[in-house]
Amino acid sequence: MDNLNLTTLQSGQTMVNDVAMDAFAAGFRGNLLTSKDTDYSEARAIWNAMIDRRPGLIARCAGAADVVRAVRFARDNSLLLSVRGGGHGIAGNAMCEGGIVIDLSAMKSVRVDPEISRARIEPGATLGDIDKETLAFGLVLPTGINSTTGIAGLTLGGGFGWLTRKFGLTLDNLISVDVVTADGELVKASETERPDLFWALRGGGGNFGVVTSFEFQLNPLHSEVLAGLVVHPFADAEKVLREYRQALEAAPDELTCWVVMRQAPPLPFLPAEWHGKEIVVLAMCYCGDIAAGEKATARLRAIGKPIADVVGPVPFTGWQQAFDPLLTPGARNYWKSQDFAALSDAAIDVLLGAVRKLPGPECEIFIGHVGGAAGRIPTEASAFPQRSSHFVMNVHARWRETGMDASCIGWARELFEATKPHAVGTAYINFMPEDETDRVEMAYGANYARLAEIKLRYDPDNLFRMNQNVKPVAAVRAA
């Protein structure tokens with residue numbers, strides 16, 4: 001760090017004096033970055049290019065001791081605090097304006113114990129980092145669908161993907177965490193140690209502390225799965241979606257099939273005449289015996305007359321990276337999401353109408369197929385609220401030029417409002433943009449009151465508020 005005279009590090013009218021800053025820096029093992037450092041611009045860039053914030057200080061932590069030190073520094077100096085894991089969150093809460101960022105991206109260790117099928121994972125690890133280590137032992141952690149996503153935000157908000165129906169949410173496989181609380185103490189939380197905090201961390205997002213280590217139970221998985229895409233013309237979309245819905249009624253837990261509706265990218269297996277035209281994609285994965293998977297996917301693959309069917313045995317690590325090229329950093333992104341108990345005819349009609357009005361070539365709607373093992377866990381077992389939903393809709397507006405902001409955001413909001421009558425009311429907080437703060441209580445449903453009480457005990461001053469914020473219960477009652 002070039003200069004410790006941090007005139008930009010502030011929260012409201014609070015400034016950090018040189019003595020306090022020098023004392024903090026002297027005991028910090030990682031790197032401290034300000035706007036004067038050459039790495040600052042890269043360090044403040046996150047996945048969603050709509051977020052352009054300039055923190056006063058980025059504290060790139062080397063270990064748990066650095067995290068403890070940074071939390072205490074932020075608390076003692078009344079600084080706005082944000083926490084960066086993978087920096088992939090749509091709301092952009094990894095970065096704050098003018099305050100301090102606790103950057104965990106250098107803490108990437110993944111240690112697997114194959115004897116007990118467990119892994120100890122640091123918060124800066126990505127899903128790709130984790131798959132590489134666990135699958136070397138024939139083990140897997142169920143996570144998301146983009147290998148560059150960070151494990152920390154994914155887990156604290158839920159975590160669902162291709163293996164959720166078989167093995168549950170990412171947070172359902174969590175055994176314990178080491179977490180730095182708002183008072184600057186490093187504690188352990190599990191089912192037997194601080195169980196209330198452990199309950200809240202499983203779905204409550206970053207509201208309750210900074211996790212420095214996750215302990216997960218792993219699950220057996222062969223290196224290959226039966227996975228791939230079946231692509232249909234949009235003209236057949238209504239028939240495809242209705243038959244898709246019916247085919248999933250008897251789907252085994254090993255089978256997951258998502259829907260993506262968008263303009264066709266220039267994929268090598270699609271005829272050139274389809275590039276840029278609206279399509280409906282069935283993206284499926286069977287995580288068991290390949291022969292059994294061929295039978296389980298047969299009904300889905302028999303729907304209509306697809307343009308292409310590229311489903312086959314593939315390494316799971318490869319399938320986990322299949323969507324990465326469509327989700328690279330640097331684009332402007334705005335999401336809106338709904339949970340559905342069922343995909344009704346009326347909901348399908350609304351979705352198809354929105355696809356006919358796509359505002360740009362990278363905008364899409366996807367329907368995540370969940371339920372299975374994740375849906376058989378009681379709602380009250382963890383803070384994660386939406387166990388009853390069988391489908392999760394994400395309206396993914398994605399574009400490059402600022403001049404498209406209004407049309408893309410407007411399209412996403414319009415579809416969100418139109419699907420409300422068909423949704424169950426809860427929401428996946430990892431899919432909620434920064435302007436949905438008024439939706440947080442509804443998103444958590446019956447679990448919100450308990451979350452607010454736990455927040456009051458562990459973070460009464462709301463130090464950890466750069467998130468989908470759960471306010472301490474006293475603030476809720478005063479509102």
Side-chain angles (χ1 to χ4, degrees), residues 1-46 51-87 89 91-108 122-124 150 152-153 178-187 206-213 434 455 458-467 469 472:
M1 186 174 63
D2 292 341
N3 191 335
L4 300 185
N5 185 15
L6 299 181
T7 57
T8 60
L9 184 57
Q10 56 185 302
S11 177
Q13 299 302 312
T14 302
M15 296 287 187
V16 179
N17 64 49
D18 291 350
V19 174
M21 188 63 230
D22 288 347
F24 172 60
F28 194 82
R29 190 162 61 93
N31 297 318
L32 298 175
L33 302 174
T34 74
S35 59
K36 296 180 180 295
D37 290 292
T38 56
D39 295 339
Y40 175 81
S41 293
E42 181 181 354
R44 73 181 185 89
I46 55 178
I51 309 301
D52 184 21
R53 299 185 184 129
R54 299 183 65 85
L57 178 66
I58 299 175
R60 187 163 284 171
C61 299
D66 280 351
V67 176
V68 169
R69 195 169 189 85
V71 169
R72 291 177 178 176
F73 179 69
R75 178 201 63 197
D76 294 346
N77 291 280
S78 301
L79 297 174
L80 181 61
L81 167 66
S82 65
V83 183
R84 175 182 181 145
N93 287 318
M95 285 293 131
C96 63
E97 186 69 38
I100 180 173
V101 175
I102 295 180
D103 186 341
L104 307 171
S105 60
M107 298 171 59
K108 300 175 73 70
E122 287 189 320
D178 295 336
V179 57
V180 180
T181 55
D183 59 5
E185 297 299 319
L186 179 64
V187 302
N207 275 284
F208 303 94
V210 184
V211 176
T212 61
S213 181
E434 62 175 328
K455 177 76 170 181
Y458 284 96
D459 186 14
D461 297 322
N462 207 8
L463 177 66
F464 302 115
R465 59 187 181 274
M466 287 293 295
N467 44 48
N469 193 230

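Computed from heavy atoms alone, side chains included, the values below leave out hydrogens, waters and symmetry copies.
- A distance-only check finds no donor-acceptor pair linking the side chain of Asp103 to the backbone of Ile58 [under 3.5 Å].
- A donor-acceptor pair under 3.5 Å is absent between the side-chain atoms of Arg29 and the main chain of Asp66, judged by distance alone.
- Atoms CZ and SG, from Arg84 and Cys61 in turn, are 12.5 Å apart once rounded to the nearest 0.5 Å.
- With rounding to the nearest 0.5 Å, the separation of CZ in Arg465 from OG in Ser82 is 10.5 Å.
- Distance CD1/Ile100 to CZ/Phe24: 4.5 Å, rounded to 0.5 Å.
- Partners of Tyr458 by ring-ring contact (aromatic ring centres under 6.0 Å, His included), not counting sequence neighbours: none found.
- Nearest heavy atom pair, residue Lys455 against residue Pro472, reads CG-N, 3.7 Å.
- Note: Arg69 CZ to Ile102 CD1 = 12.5 Å, rounded to the nearest 0.5 Å.
- Remark: Asn93 CG to Glu434 CD distance equals 7.0 Å, nearest 0.5 Å.
- Within the 4.5 Å cutoff, the side chain of Arg44 has heavy atoms near those of the Arg54 side chain.
- Remark: Tyr40 pairs with no residue by the ring-ring contact (aromatic ring centres under 6.0 Å, His included) rule, at least two apart or across chains.
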Please report the C-alpha distance between Met107 and Val67 in whole Å, then the side-chain angles of each, then the deciding distance to 0.1 Å, and finally whether the side-chain contact (heavy atoms from CB on, under 4.5 Å) criterion is met.
-> CA-CA 11 Å; Met107 298 171 59; Val67 176; 4.2 Å; yes
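- Using a distance-only test at 3.5 Å, with no hydrogens or angles considered, no donor-acceptor pair links the side chain of Asp22 to the main chain of Val19.
- Taking each heavy atom of Phe73 and Asn77 in turn, the nearest pair found is O-ND2, 2.9 Å.
- Taken from CG in Asp39 to CG in Leu33, the straight-line distance is 6.0 Å, to the nearest 0.5 Å.
- Between the side chain of Asp461 and the backbone N or O of Leu463, no donor-acceptor pair lies under 3.5 Å.
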Should Glu122 and Leu104 be marked as a side-chain contact (heavy atoms from CB on, under 4.5 Å) after you check the CA-CA gap, both sets of side-chain angles, and the distance that decides it?
-> CA-CA 8 Å; Glu122 287 189 320; Leu104 307 171; over 6 Å; no
Evaluate side-chain contact (heavy atoms from CB on, under 4.5 Å) for Val71 paired with Glu185, printing each intermediate quantity in order.
-> CA-CA 9 Å; Val71 169; Glu185 297 299 319; over 6 Å; no
Is there a side-chain contact (heavy atoms from CB on, under 4.5 Å) between Asp459 and Thr181 once you walk through the steps?
-> CA-CA 7 Å; Asp459 186 14; Thr181 55; over 6 Å; no
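- Residues Asp183 and Arg75 meet the side-chain proximity criterion, which asks for heavy atoms closer than 4.5 Å.
- Shortest non-hydrogen contact noted between Leu80 and Cys96 is CD2-CB, 3.7 Å.
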